[in-house]
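The structure under discussion appears below in the form of C-alpha cells.
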Amino acid sequence: MATEALGLPFEVGTASAAWLIWILPFAAAMIIPGVGKLSKHATGYVAVAFALMSALSAASLLPMALEAHEIHDQIMWIDAIGLKAGVLADPVSIIMANVVGWISFLIMIYSTGYMKGDKDITRFWFWMLFFIGSMQLIVLSDNLLQVFFGWEGVGLASYALISFWYRDKKKDHVGVEGRTVLGMLDYYSPTHAGMKAFIMTKVGDVMMIAGMLLIFLFAGTFGFKELMGETQWATNMAAQGLLVPAFVLLFGGAMGKSAQFPLNEWLLEAMTGPTAVSALIHAATMVKAGVFLVARIGPLVFALGAAGIMADQFFEIIAWVGAITALLLATQGMVNNEIKKVLAYSTGSQIG
C-alpha cells in the first residue's frame, strides 16, 4: 500500500477515513436485508447510523482540505495489467464527499418518517445505501475505471428507486392522467420513468467507456495522477486527432448523468420515485456527478495545455452544452404546471 500525504502526522488514519467514506454505505447495504428479516423497524436506525459514520469520516478530512493537502492511497487491484485501486482525497473530492455525505445523512433521517409503514422499506434502504456508496466511490476514486464502477452503481440505484413503486398505481404517477403534448403522453408511471432513465443514461455511459478505453490504449493507465505525470500519450493522441474526441466522449457520460442536452429528458420523469429519492439522487447528488467529472478531468486538460498540447475545443463544447441546457430547461420550466417537473427543469438548468 502506497500513501502520499503532505505534512500530516496521522497519515494512516486519514487514509482509512478516505476508504471508509464509501465502504461503510456498501457494508450497510449488505447487512440491511438481514436486519430486515429480524425487524423492518430497525433497518432505518441501521441505515441512518451508517450514513452518519460515512459523513463523519468525510468531515474528518476537512482540515486537510483547508490546508490544501491531499492523500493518495492505493492497493493492487488487477495484477496482470498492474492496475491499482485507490482513493484520491484532495480538496475538491473532500468538499464533494462532505456535500454528498451530509446531505445523504439528513435525507436518510427524513426518510425514516416519509417511508414509515412502506412494506418494501428494506429494499428502499438497500438501494439508498448502495447509491451513497457508489456516489462516494465516484468522488474519491483515483482512476477512471474505478469511477466507472461507481458511475454504473449510481445509475443502477437510480433506476431501482425511480421504479420503487413498481406496481404503477395511479397515485404514484407524475402528470395529469390522459394529458398529451404534441400527441405524446404527458403522464408517466414509475416503471416507464425508471426504464427511460436507465436507457438514456446508458447512452452517455457507452460514450464514457469509449473515451476511457481510447485514453487507456495510448496511456496504458486509468489513473488521474499517472495521466498528469506523463503526457506523451496525449501528444500521440493529438497527432492522430483523437485527444479532443476522447475527452468529449468522457463528457458524454457527464451529459447523461447530469441530464444535459440532448440527454436531459429522463430527469423530468425521474420524479416518480419517492420524494426522498428525488431529493437525494435527482436534485442533490447523482446529477452533480457530471459536474464533478468535469472538475476532476479539467486540471488534466489544463496540464496538457501547459505542456503545449491544446484541447481548448473540449471546454468550448462544455460551454455550449451547458448554455443550451440552461436556456432550454429554464424556458420549459416557466410554462409547466406540474410542480415536480418544474423542480426537475430547474435542476437541469442550473447544472447547465
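Model, not experiment: these values are computed from the prediction. Reckoned from all heavy atoms, side chains included, excluding hydrogens, waters and symmetry mates.
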>> Tell me every residue that passes side chain to side chain contact (heavy atoms under 4.5 Å, CB included) with L66, counting only those two or more places apart in sequence or in another chain.
In response: none
>> Holding to side chain to side chain contact (heavy atoms under 4.5 Å, CB included), I want the full list of residues that pass it with L161, two or more places apart in sequence or in another chain.
In response: F124, W127, M128, F164, V277, I281
> By ring-ring contact (aromatic ring centres under 6.0 Å, His included), which residues pair with W102, not counting sequence neighbours?
Replying inline: F105
> Considering residues at least two apart in sequence or located in another chain, which fulfil the salt bridge (charged side-chain N to carboxylate O under 4.0 Å, His left out) criterion with E152?
Replying inline: K202
Enumerate the residue pairs fulfilling ring-ring contact (aromatic ring centres under 6.0 Å, His included) with a member in [range], sequence neighbours excluded, ordered by first and then second residue.
range            : answer
residues 132-152 : W77-F149
residues 320-352 : none
residues 249-280 : W266-H282

Side chains of residues 289-303: which donor-acceptor partners sit under 3.5 Å, not counting sequence neighbours?
from: R296; atom 1: NH1; to: D90; atom 2: OD2; distance (Å): 2.7
from: R296; atom 1: NH2; to: D90; atom 2: OD1; distance (Å): 3.4

>> Taking salt bridge (Lys or Arg N to Asp or Glu O under 4.0 Å) as the cut-off, I'd like each qualifying pair that reaches into residues 227-238, sequence neighbours left out, listed once.
In response: none
>> For residues 251-264, which residue pairs pass the salt bridge (Lys or Arg N to Asp or Glu O under 4.0 Å) check, not counting sequence neighbours?
In response: D205-K257
> Do L137 and L88 belong together in a cluster built from hydrophobic side chains that touch within less than 4.5 Å?
Replying inline: no
Show every donor-acceptor pair shorter than 3.5 Å between a side-chain atom in residues 51-59 and any protein atom, with sequence neighbours excluded, or say none if there are none.
from: S54; atom 1: OG; to: I21; atom 2: O; distance (Å): 2.6
from: S57; atom 1: OG; to: M53; atom 2: O; distance (Å): 2.9

> If you group Ile, Leu, Val, Met, Phe, Trp and Tyr whenever their side-chain heavy atoms sit less than 4.5 Å apart, what else falls in with I162?
Replying inline: none
>> Contact between V154 and I138 at the side-chain level, heavy atoms closer than 4.5 Å - yes or no?
In response: yes
> Does W125 reach the side chain of M108, with side-chain heavy atoms less than 4.5 Å apart?
Replying inline: yes
>> Before you tell me yes or no, could you show the steps for D142 and K225 under side chain to side chain contact (heavy atoms under 4.5 Å, CB included), namely the whole-Å CA-CA distance, both residues' side-chain angles and the distance that decides it to 0.1 Å?
In response: CA-CA 8 Å; D142 76 333; K225 288 280 192 179; over 6 Å; no
